[in-house]
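The next block holds one structure in the form of structure tokens; read it before the comments.
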Amino acid sequence: QVQLVESGGGLVQAGGSLRLSCAASGRTFSNYVMGWFRQAPGKKREFVAAITWNGGRTYYADSVKGRFTISRDNAKNTVYLQMNSLKPEDTAVYYCAQSGNSYCSGAGCGRIWEYNYWGQGTQVTVSS
């Protein structure tokens with residue numbers, strides 16, 4: 001049984017930073033693409049960032065490119081999302097997800113249906 005547990009969310013002022021973590025267990029973490037998604041109230045869940053199995057490739061939504069950085073530590077079975085220059089529109093519940101694939105590219109990394117397992121989410125609130 002795969003478990004994904006997010007942490008690191010909270011309340012921050014605009015322009016501030018947060019680092020989210022997602023600890024995985026249940027199957028070989030290093031085999032799979034990991035992604036971060038977010039969902040704001042009344043909106044659909046949207047892609048934020050993804051990283052391939054060995055960290056060799058990363059992909060970002062245009063809205064976060066240049067501000068967010070995804071990384072992974074396969075020895076710790078953990079994926080991270082460093083969020084800088086946060087904006088009020090970044091306010092959402094952030095979800096960690098694990099794909100069934102080792103590799104993805106371009107728009108394929110953002111396809112929600114490619115991700116088999118999801119965490120419970122962590123709230124990020126950015127005040128203006």
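From a predicted model like this one, the values you see are computed outputs, not experimental measurements.
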Could you go through T122 and L20, starting from their C-alpha distance and side-chain angles, then the distance that decides it, and tell me whether this counts as side-chain contact (heavy atoms from CB on, under 4.5 Å)? CA-CA 8 Å; T122 186; L20 305 184; 4.0 Å; yes
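Closest approach of G121 to V93, counting heavy atoms only: CA-CG1, 3.8 Å. Annotation for A92 and Q123: closest pair O-NE2, 3.4 Å, computed over non-hydrogen atoms. Annotation for S105 and C109: closest pair N-SG, 3.4 Å, computed over non-hydrogen atoms. When every heavy atom of A40 is checked against every heavy atom of T91, the shortest pair comes out as CB-O, 3.7 Å. Nearest heavy atom pair, residue R38 against residue S63, reads NH2-OG, 3.5 Å. The shortest heavy-atom contact between M34 and C22 is CE-SG, 4.5 Å.
The side chain to side chain contact (heavy atoms under 4.5 Å, CB included) check on S30 picks up T28, N74, with sequence neighbours excluded.
For the 3.5 Å distance criterion, the side chains of N31 and S102 fail to qualify, holding no donor opposite an acceptor.
By the criterion of side-chain heavy atoms lying less than 4.5 angstrom apart, applied directly or through intervening Ile, Leu, Val, Met, Phe, Trp or Tyr residues, Y103 is grouped together with Y115 in one hydrophobic cluster. Neither V124 nor F47 shares a network with the other; the hydrophobic side chains, linked directly or stepwise wherever heavy atoms of I, L, V, M, F, W or Y lie under 4.5 Å apart, form separate groups for each. Follow the hydrophobic side-chain contacts under 4.5 Å out from F29 and you reach I70 in the same cluster. Clustering ILVMFWY residues whenever any of their side-chain heavy atoms sit less than 4.5 angstrom apart, transitively, puts L86 in the very cluster that holds Y60. Linking Ile, Leu, Val, Met, Phe, Trp and Tyr residues whenever their side-chain heavy atoms come within less than 4.5 Å places I112 and Y95 in a single cluster.
Using the six-membered ring where Trp is involved, Y94 and F68 have ring planes that are tilted, between 30° and 60° apart.
For D90 and K87, the salt-bridge test fails: no basic side-chain N is under 4.0 Å from an acidic carboxylate O.
Counting only residues at least two apart or on different chains, the side chain to side chain donor-acceptor pair (under 3.5 Å) pairs with a member in residues 1-13 are E6-Q120.
Side chain of R67 to backbone of S85: a donor-acceptor contact under 3.5 angstrom is found. Using modelled atom types, no side-chain atom of R57 and backbone atom of G106 make a donor-acceptor pair closer than 3.5 Å.
Counting heavy atoms from C-beta outward, N101 and W53 have side chains that stay 4.5 Å or more apart. Residues V48 and M83 are not in side-chain contact: their nearest non-hydrogen atoms beyond the backbone lie 4.5 Å or more apart.
With rounding to the nearest 0.5 Å, the separation of OH in Y80 from OG1 in T69 is 14.0 Å. The CD atom of Q98 lies 7.0 Å from the OH atom of Y32; values are rounded to the nearest 0.5 Å. To the nearest 0.5 Å, atoms OG1 (T58) and NZ (K65) are separated by 9.5 Å.
Checking each of V79, I51, V64 against W36 for a side chain to side chain contact (heavy atoms under 4.5 Å, CB included) leaves exactly one that passes, namely V79.
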